[in-house]
Amino acid sequence: ANLALGLLHAPTLLDGLRLAVAHANAFVPMLGFTVVRTAATLACIVRPAVDPGSLARPLIESHVDLLYRCIEARRGLDLRGATVEFAHEAGPREVEYRRWLRCEVRFGADRNAVVVPADWAGLGTPGTDPALWLLARERVLGAIAAVQAPARANEVRRRVADRIALGQAPRLKQVAADCGVSPRTLIRLLRIAGTTFYELVDRERRARASALILRPTLSLERLAKDLGFPDR
């Protein structure tokens, strides 16, 4: 419902497609979605993220069709200039597809995509509500973050453990940069995952200390240094 609301009130077609693609990447793990804009075209590309076997064709076709409907809702019935591309060969439903989709349909292409002229990216819709767009977008991104949070928390944990193993004291800004996010975003992701940066650091230091302290030849000075502490 939040995604539908976001697509309805997105300021431009490009804004709506980017939100739809971000949502699909989070909730459809078998496929990967990207939006590519060039000087001439705007393309929404769908590719298998894993080998879905016999599900590949219907799964790809259904999500290509979903992106097409997003564009149709903004553009209306006139989709001349758009192209739908499928990497697989045409099957028995080719005639049906060419009737359902009011644009050129290509089979045996080098990708699965919906491609439209670049100037469609800025298409708006009369009556869109900026406040509803921001609300819907925030809720969609929140749902995406909730799905991704555990994996991102594990990534942060690994980065923290790597720095501790090098004898460094993990710093929030450094680890955030390692993960390619801002410190604020990292804090928010960890909060969604039910932890904090400092809890992760403490946990990884304890785990490292538990392993190092079993070495009888390791001095307390060296142990402190290996854990990133300034003194014993």
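Just so you know, residue 1 is the first one in the sequence shown, and it goes up from there.
- Under the 4.5 Å side-chain heavy-atom criterion for Ile, Leu, Val, Met, Phe, Trp and Tyr, V116 and L14 are members of the same hydrophobic cluster.
- Under the ring pair (Phe, Tyr, Trp, His ring centres under 6.0 Å) criterion, Y198 pairs with no residue at all, not counting sequence neighbours.
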**Message:** Show, in sequence, the C-alpha distance, side-chain angles and deciding distance for E61 and R57, and conclude whether the salt bridge (Lys or Arg N to Asp or Glu O under 4.0 Å) test is met.
**Reply:** CA-CA 6 Å; E61 287 182 352; R57 180 167 183 149; 3.0 Å; yes

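- Atom CD of E138 sits in a sparse spot, with 12 or fewer heavy atoms from other residues, nucleotides or ligands closer than 6.0 Å.
- Residue I213 places its CD1 atom among 12 or fewer non-hydrogen atoms of other residues, nucleotides or ligands, all under 6.0 Å distant.
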Enumerate donor-acceptor pairs with a distance under 3.5 Å from any side-chain N or O in residues 161-170 to protein atoms, sequence neighbours excluded.
unit_1: R163; atom_1: NE; unit_2: D178; atom_2: OD2; d: 3.0
unit_1: R163; atom_1: NH1; unit_2: Q168; atom_2: OE1; d: 2.6
unit_1: R163; atom_1: NH2; unit_2: D178; atom_2: OD1; d: 3.4
unit_1: R163; atom_1: NH2; unit_2: D178; atom_2: OD2; d: 3.1

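- Taking the side chain as every heavy atom from C-beta outward, F197 and L186 approach each other to under 4.5 Å.
- Contact check for E85 versus E104: no side-chain heavy atoms found under the 4.5 Å cut-off.
- Hydrophobic clustering keeps L8 apart from W133 (ILVMFWY residues linked when any side-chain heavy atoms are closer than 4.5 Å, directly or through intermediates).
- No donor-acceptor pair under 3.5 Å is formed between the side chain of T185 and the backbone N or O of V181.
- Note that CZ of R80 and SG of C103 are 12.5 Å apart. Values are rounded to the nearest 0.5 Å.
- Under 4.0 Å is where a charged nitrogen must lie from a carboxylate oxygen, and between R159 and E155 at least one such pair does.
- Scored by the side-chain contact (heavy atoms from CB on, under 4.5 Å) test, N154 finds R157, R158 as partners (sequence neighbours excluded).
- A continuous path of ILVMFWY side-chain contacts below 4.5 Å connects L79 to V114, so both sit in one hydrophobic cluster.
- Counting heavy atoms of neighbouring residues, nucleotides and ligands inside a 6.0 Å radius, atom CZ of R18 does not exceed 12 of them.
- Cluster annotation: V21 is not connected to L19 through the hydrophobic network of ILVMFWY side chains, with a link wherever side-chain heavy atoms come within less than 4.5 Å.
- A ring-ring contact (aromatic ring centres under 6.0 Å, His included) check over residues 105-125, counting only residues at least two apart or in different chains, returns the pairs F86-F107.
- Under the 4.5 Å side-chain heavy-atom criterion for ILVMFWY residues, no single connected hydrophobic cluster contains both L132 and L3.
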Just list the side-chain donor-acceptor pairs under 3.5 Å for residues 64-73, sequence neighbours left out, or say none.
unit_1: D65; atom_1: OD1; unit_2: R69; atom_2: NE; d: 3.3
unit_1: D65; atom_1: OD1; unit_2: R69; atom_2: NH2; d: 3.3
unit_1: Y68; atom_1: OH; unit_2: R102; atom_2: N; d: 2.8
unit_1: R69; atom_1: NH1; unit_2: E72; atom_2: OE1; d: 3.1
unit_1: R69; atom_1: NH1; unit_2: E72; atom_2: OE2; d: 3.4
unit_1: E72; atom_1: OE2; unit_2: R102; atom_2: NH2; d: 2.1

With a cut-off of 3.5 Å and sequence neighbours excluded, list every side-chain donor-acceptor pair involving residues 29-45.
unit_1: T38; atom_1: OG1; unit_2: A40; atom_2: N; d: 3.3
unit_1: T38; atom_1: OG1; unit_2: T41; atom_2: N; d: 3.0
unit_1: T38; atom_1: OG1; unit_2: T41; atom_2: O; d: 3.4
unit_1: T38; atom_1: OG1; unit_2: T41; atom_2: OG1; d: 3.1

